[in-house]
Amino acid sequence: MSAADFRQEVEAIVKSIPKGRVMTYGQIAAIAGSPGAARIVGGIAHYGDSDIAWHRIVNKRGALASGYPGGRLAHKVALEKDGVIVSTKLSVKIKDIIWWPKLN
DNA sequence: CTGATGACAGTAC
DNA sequence: AGTACTGCCATCA
């Protein structure tokens, strides 16, 4: 596996996230083959294709991304469009909507 | 090829 | 409990 494959893995995983569910950066990084590269997932999200539902990624606390185009508010709107409940503190109930591709 | 960057995570205070 | 600091590692310029 070359290093660039990490990016493809991440994109594939994000694409596999069903509507109404989310995944954490660290989780995706681990599944993509590089545990600890959570930040990289964020970087890929920033420079990656706009065809992908990057808004379905949140940090482990369930807080929304600060660098999302348009800010956390835009991120919130995108998630709510998917039917995800976002609290007023701009965070989600990770435990309820977390998604594990391999687990089910 | 080398250095800087960051849409995180974990630990410490 | 909330805030601050450090570690991590693929990507970008």
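Just so we're on the same page: letters track the sequence lines, and every chain starts at 1.
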[atom1] of [X] versus [atom2] of [N]: gap in Å, rounded?
{"X": "Ile57(A)", "N": "dC8(B)", "atom1": "CD1", "atom2": "P", "answer": "10 Å"}
{"X": "Ile44(A)", "N": "dT5(B)", "atom1": "CD1", "atom2": "C1'", "answer": "14 Å"}
{"X": "Ile94(A)", "N": "dA9(B)", "atom1": "CD1", "atom2": "C1'", "answer": "13 Å"}
{"X": "Asn59(A)", "N": "dA7(B)", "atom1": "CG", "atom2": "P", "answer": "12 Å"}
{"X": "Tyr68(A)", "N": "dG6(B)", "atom1": "OH", "atom2": "P", "answer": "20 Å"}
{"X": "Arg72(A)", "N": "dC8(B)", "atom1": "CZ", "atom2": "P", "answer": "10 Å"}
{"X": "Arg7(A)", "N": "dC9(C)", "atom1": "CZ", "atom2": "C1'", "answer": "15 Å"}
{"X": "Ile28(A)", "N": "dG6(B)", "atom1": "CD1", "atom2": "P", "answer": "20 Å"}

Just checking Gly43(A): base, sugar-phosphate only, or nothing, at a heavy-atom cut-off of under 4.0 Å?
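Counting heavy atoms under 4.0 Å across all strands, no contact is made by Gly43(A).
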Would you check if the side chain of [X] reaches a backbone N or O of [Y] as a donor-acceptor pair within less than 3.5 Å?
{"X": "Arg21(A)", "Y": "Trp99(A)", "answer": "no"}
{"X": "His55(A)", "Y": "His75(A)", "answer": "no"}
{"X": "Asp82(A)", "Y": "Val84(A)", "answer": "no"}
{"X": "Trp54(A)", "Y": "Asp49(A)", "answer": "yes"}

Checking contacts here: which listed nucleotide ([options]) is nearest the side-chain heavy atoms of [X]?
{"X": "Lys60(A)", "options": "dA7(B), dA9(B), dA10(C)", "result": "dA9(B)"}
{"X": "Ile40(A)", "options": "dC9(C), dA9(B), dA7(B)", "result": "dC9(C)"}
{"X": "Tyr25(A)", "options": "dA7(B), dC9(C), dA13(C)", "result": "dA7(B)"}

Measuring from Lys89(A):NZ to Arg72(A):CZ, what's the distance to the nearest 0.5 Å?
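One gets 12.5 Å once the value is rounded to the nearest 0.5 Å.
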Give a yes/no answer on whether the side chain of Arg61(A) brings an N or O atom under 4.0 Å of OP1 or OP2 in dG2(C).
no
Side-chain donor/acceptor contact of Arg39(A) with base of dC9(C) under 3.5 Å
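Side chain to base: no pair below 3.5 Å.
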